[in-house]
Structures are given as C-alpha cells and as structure tokens.
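To keep things clear, I will list the structure first and then write my remarks on it.
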Amino acid sequence: MKIFPLKRNECFTIFLLLLVALLYALHRMDFQPFKFQPKISSTIIYPKATTELPKVRSICNFSLLSPEDALEERLLLESVAWPETSELPSPLSLELTSDPAHSTFYILPVRGGGEWHVGDQLEVSIVISDFKGQPKKFGGDLLLARLHNLTLGAGVAGQVVDHLNGSYSAVFPLLWEGAAQVEVTLVHPSEAITVLNRLNREQPDRLFFSSLFRSGSHSQTTFCNIFLRQTKQPICDFTDPRTGDPWFCYKPKNMSCDARITHSMGGYKQILKAKEDKLFQGGVNLIVSISASGPAGVTVLPKKEGQPEVKSSIVNFQASGYYYQGLWRALDGTKVHQFTGASAVTQCLKDKVVHLYGDSTIRQWFQSLNLTLPDLKEFNLGSSRQNGPLMALDYENQIMVTYRGHGPPIRFSNVSIGELRYIANELDDLIGGPNTVVVFGIWSHFSSFPLEFYIRRQQRIRRAVVRLLDRAPETVIIIRTPNPKELSLSRTIVNSDWFSVRHYKVIRDIFKGLNVHLIDAWEMVLAHHLPNNLHPQPPIIKNMMDVLYSYICPQKGG
C-alpha cells in the first residue's frame, strides 16, 4: 500500500475542519458561564431536526458535562447511593426474601428510664426477616415510617436508618401531647430494589413514546425516547438547542424530521425475568405494614421545664413539619397561615401572575385554584388539557394563573409539538419581579430513567432560576418535591417510590442555598393519615396550598 504525503494546503484544510468540529462539540456540550444573562425574549426557538445518528449518546451514554456540573453530579449520586443489594438467585424463590409478615419493630425505652415528653425523640428498632422467619443479614429494603394520632389529627414522618445487617432504626420527633402510634411500612424488599436498579440501568427505554409525522396526506408514527437503540433506521435528533436536553425519534421512511407534529406516551414493555413479579405483590411484599412485637405507641407528656431533651443517638433528624388538628405546622421557620375562603386567597394573589410548570401534580394545584376562586375564569386556549398551556384570569383583581407541562419525557398523549417547552427556557423568557410567582415540580415522569438524566434536568433548571433571580431578585420561586404514592406491579416498574425518594433527595440538595421555597410534599403526604396517592387527596392539597400562599404572602406575627 502506498502512503501519499499531504500537501501544505491539504493539512491546513484538515486543520480547519477539525477546529470547526471542536467548536461545534463545545457548543453542543453547553459550556457557558454560570452567571450568563440571556436576552429576554418571547421568541420560541424550536429544535432543528437532523437525521444524524447520535455519536455520543447511546442507550446508556450521556453527553459531557462541565467540570463543575460533573463534580456535582458525582457528589449527588454518592449522597443518594443505595446500599448494595444482592443478586437474585436463579430460579427465584421468595423464601429468602424480605417478608413483612415475619418482620417486627419495637420501641426502645427512654435512655436512663423515665417518661416521654414533648421535644424528645423516639427511637424504634426494626428487624427484617425472610419468609422462613430467619432474620436477614443485609439491608437495602425500602421502609417508610410515621408517627400519628388520629383523634388529634396529628402526624409526623420518621427518618429510617439502614444498619446494613437486616436491622433498621426509625427516629421520630415527639411534637404533641397524648398518644403517638408508630407505623412502619415495607414498600419494597431489597430484592425488589435489585430488580428496579437493574431496569433503570439496562432498560431505560422500557417506557416508550411516539410521535406522529405528517406530510400532506401521508403520515407515520415512530418511537421516540431520551435514548434510542441503534438500528439501521436513521434517527431524528430533537435535542433542545438552548438547554441541551436530548430527545430522539426514529426517522419515518420517505419523510423529513421536520414533519413531526405530535408527541404521545406510548406504553411500557414488560421486561421482568421469570418469577420477578413475585417481588411486587400487593398485600405480600409491596407496601405492607410491619407489626410491633410489643406496644406500638407511647404516651407523650407535656414538655418539662428545665429537663434536657432526649436526643437520638442514631441520627440528627429534623422533620420539615407535622400535622396537628389536621393542619400542617412547619418546623423550618415558615409561618403557615390558614387562607380560608376565596376572599383571603384573592387578597393574597391580587395583582400577581402565578406561573405553574411541571407534571400532573402541579396541574392539580392549577385546578385547585380554579375551584377556590369563583372569579378566576379559565380561558379555552384550545391546548391539551393535560400538558397545557392553560390560563385563568381574574380581571378585576388582576390575577393571572398559567400552567404548562415540563417537556419531554412528558407522559401525556397527543401533545402538539408547539406545546412542548422546557422549564429552563420558560424561566429564561420571564421578566420576573415582586408580582411574579414561579412554581414548578417535576419528578414522576423521570422515574424510569437513570438518575443522571434527572440530575442534569434539574441542573439546567437551577441555572435558569439563578439567572431569573439575578435579574429579578424579588421573584417568588416555589418548588414542589415528589411524594410517596399508591403502587401496583405495573406502576412500580416505571414509577416506584424508590425512584421518587432519590428524586426527593436530589431536589433538596440541588436547590439548597438559593432564595427559593420548598413545599415538602414527601413529608406532607407521608405524615398524613390518608393513604399515599400520586395526586394527594383534598385535605392534603388544602394544606399544600396554604403553605404556597404563606410563601407568596408572608404575614407578620403568629
């Protein structure tokens, strides 16, 4: 084989091509200063479709991050890392897996003897056993715990600590006088966590989406997702040019990528291995209460003057709030006031614009506002009722409320491409100010994907929040966290509480230190006596809305 030397002008041409490729790659990796101030514009920028196969992204690959974002991502992943769970034997048998029926908990006595008083912390020891009744030797189970008194309408979430040897502790603050009953629930055995972890690692595309492409009288539907498995079929790249959020569709035959007109939730693939469904049985090992081996509650006496509080030796746990007489009382310094009746809410929101962004749990708040305020009239914008945009206006009191979905991977159907927007872009297009309220919450639709994808979406939103607060520091920004929910086998595979609890921790960490407010939906749902639900029931929503209004309209005094 002959080797031909390159001429000088040919080398220069190759150098230029490599330089252009490098600059393009840096642009696609979204390298930009953290304090970058975008020009305020109402212009909508739609992603330009290409038919190139993604060169960096694959079923489990992500684009490169800046060194700062990469370090933060690693630290976040470490902070929410789950105890390592064992591989499942083949064939699978339930005998050696966690069994709530054979597991127990017991309340530890007050250290040094004595009685329980308001201000103390209660410690509970939990022992998980298998179906043979043998205590397990390793951790990794998902347990939830709460303390409650139905008569008083009181409840508080507990903190569960995994000792990695089959035993756990739950710690509760004692916040009211009278009876306090302990509830411990096994949400998932550790063996189920093994399955869920594998699914997100190996099958992030088990929940799939589709788009309709149309050109004249010709139309085709193809699959879409954050990641697409490479085939011989070309791929349309709909990565957002402003945020860098990835989205791909298989290209329809003989049609342009620009012919895409709708986005829809497709469904999910059943990809469990033989007998793994046995790990997700309601009433057996999926959200099942664990019984006490002794008394399941204590009597709490009034706070004793001069007596030091009993602190936990296990964990320094500070609940974000608790219920008493059915009302949420925050413990983070927020004064939660009761906004009873339409007039109180109207007075709070007078002359304000409230923008709501997120999933159906945020749309639930938009609907709550419409039900609460009779003078707030919704306009029919002809948009998707699920995704929006939705808008309601009280002209006399100058109140405007809007709602919009959070963009792919949104699990809604028949959404016009023009209605798909990313929260970061929406925030960048806001002017902001003291009369602007921004509320967002995204979590449920990200459960079936690797946690890195969720972290990156939140990083981009945080950058937009920082930019908004830089140009309009008096803007009120409120973030809704995930919450525990009801689960079945099908829901668990794509929306387990195990996914949500890690999202919850990420949100709390990633927005820490910013001038934003957090509505802790996780504890507000867990602490309430009503069953957990993806869309919490009206009494819980009323409390959430009171916290929302208290952030918007803080009042002096108690």
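None of the values given here were measured: they were computed from a predicted structure. Each residue takes its place number in the sequence, starting with 1.
Remark: aromatic rings of His406 and Phe446 are close, center separation under 6.0 Å.
Here side-chain hydrogen bond (donor to acceptor under 3.5 Å, both in side chains) pairs that include residues 369-382, with residues two or more places apart or in two chains, are Glu378-Arg385. Among residues at least two apart or in separate chains, side-chain hydrogen bond (donor to acceptor under 3.5 Å, both in side chains) pairs with a member in residues 148-157 are His148-Glu183. Evaluation of the disulfide bond (SG atoms under 2.5 Å apart) test over residues 402-498, restricted to residues two or more places apart or in two chains, returns none.
Not counting sequence neighbours, Asp359 has no partner by the salt bridge (Lys or Arg N to Asp or Glu O under 4.0 Å) test. Under the salt bridge (Lys or Arg N to Asp or Glu O under 4.0 Å) criterion, Lys542 pairs with Asp546, sequence neighbours left out. Every residue two or more places apart in sequence or in another chain that forms a side-chain contact (heavy atoms from CB on, under 4.5 Å) with Arg329 is listed here: Tyr322, Tyr324. Residues satisfying the ring pair (Phe, Tyr, Trp, His ring centres under 6.0 Å) test with Phe208, not counting sequence neighbours, are Phe223. Applying the salt bridge (Lys or Arg N to Asp or Glu O under 4.0 Å) rule to Arg502 yields no partners; only residues at least two apart in sequence or on another chain are considered. Under the rule for a ring pair (Phe, Tyr, Trp, His ring centres under 6.0 Å), the partners of His517 that lie at least two apart in sequence or sit in another chain are Tyr551. Annotation: side-chain contact (heavy atoms from CB on, under 4.5 Å) contacts of Ala330 (sequence neighbours excluded): Trp328, Asp332, Thr334, Val336. Under the salt bridge (Lys or Arg N to Asp or Glu O under 4.0 Å) criterion, Arg456 pairs with Glu73, not counting sequence neighbours.
Judged by distance alone, the side chain of Glu523 and the main-chain N or O of Ser320 form a donor-acceptor pair under 3.5 Å. Here the side chain of Asn483 pairs no donor or acceptor atom with the backbone of Asn532 at under 3.5 angstrom.
We find the OG1-CG distance between Thr481 and Leu518 to be 6.0 Å, quoted to the nearest 0.5 Å. The distance from atom OG of Ser383 to atom CZ of Arg404, rounded to the nearest 0.5 Å, is 8.0 Å. Taken from CG in Asp497 to CG in Leu196, the straight-line distance is 10.5 Å, to the nearest 0.5 Å. Summarising the geometry, atom CD1 belonging to Ile362 is positioned 6.5 Å from atom CG belonging to Leu356; distances are rounded to the nearest 0.5 Å. In this structure, CD1 on Ile417 lies 11.5 Å from CG on Asp258, to the nearest 0.5 angstrom. Here Arg462 contributes atom CZ and Ile510 contributes atom CD1; the two are 5.0 Å apart, rounded to the nearest 0.5 Å.
Between Cys249 and Cys257, the SG-SG separation does not fall below 2.5 Å.
Annotation: side chain of Arg411 is in contact with side chain of Asn495 (closest heavy-atom distance under 4.5 Å). In this structure the side chain of Ile552 reaches within 4.5 angstrom of the side chain of Ile478, judged on heavy atoms. At a threshold of 4.5 Å between non-hydrogen side-chain atoms, the residues Leu143 and Leu186 count as touching. For the pair Leu487 and Lys485, the minimum side-chain heavy-atom distance is below 4.5 Å.
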Side chain to side chain contact (heavy atoms under 4.5 Å, CB included) evaluation trace for His535 with Ser360
CA-CA 8 Å; His535 302 107; Ser360 59; 2.7 Å; yes
Go through it in stages, so that I can follow the logic: the residues are Asp69 and Arg463, the test is salt bridge (Lys or Arg N to Asp or Glu O under 4.0 Å), and I'd like the CA-CA distance, side-chain angles, deciding distance and then a yes or no.
CA-CA 11 Å; Asp69 284 349; Arg463 284 197 289 269; 2.6 Å; yes
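Ion pairing between Asp509 and Lys512 holds under the 4.0 Å rule for side-chain N and carboxylate O. Checked for salt-bridge contact, Asp240 and Arg460 miss the test: no charged N lies under 4.0 Å from a carboxylate O.
Arg457 forms no cation-pi arrangement with Phe449, by the criterion of a distance under 6.0 Å to the ring centre and an angle within 45° of the ring axis.
Around CD of Glu474, the count of heavy atoms belonging to other residues, nucleotides or ligands within 6.0 Å does not exceed 12.
Among Trp443, Tyr454, Phe453, the one residue that satisfies the ring pair (Phe, Tyr, Trp, His ring centres under 6.0 Å) test with His503 is Tyr454.
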I'd like a table of donor-acceptor pairs (distance under 3.5 Å, sequence neighbours excluded) in which one partner is a side-chain atom from residues 345-355, with atom names and distances.
unit_1	atom_1	unit_2	atom_2	d
Thr346	OG1	Ala342	O	2.8
Lys352	NZ	Cys348	O	3.2
His355	ND1	Thr402	OG1	2.9

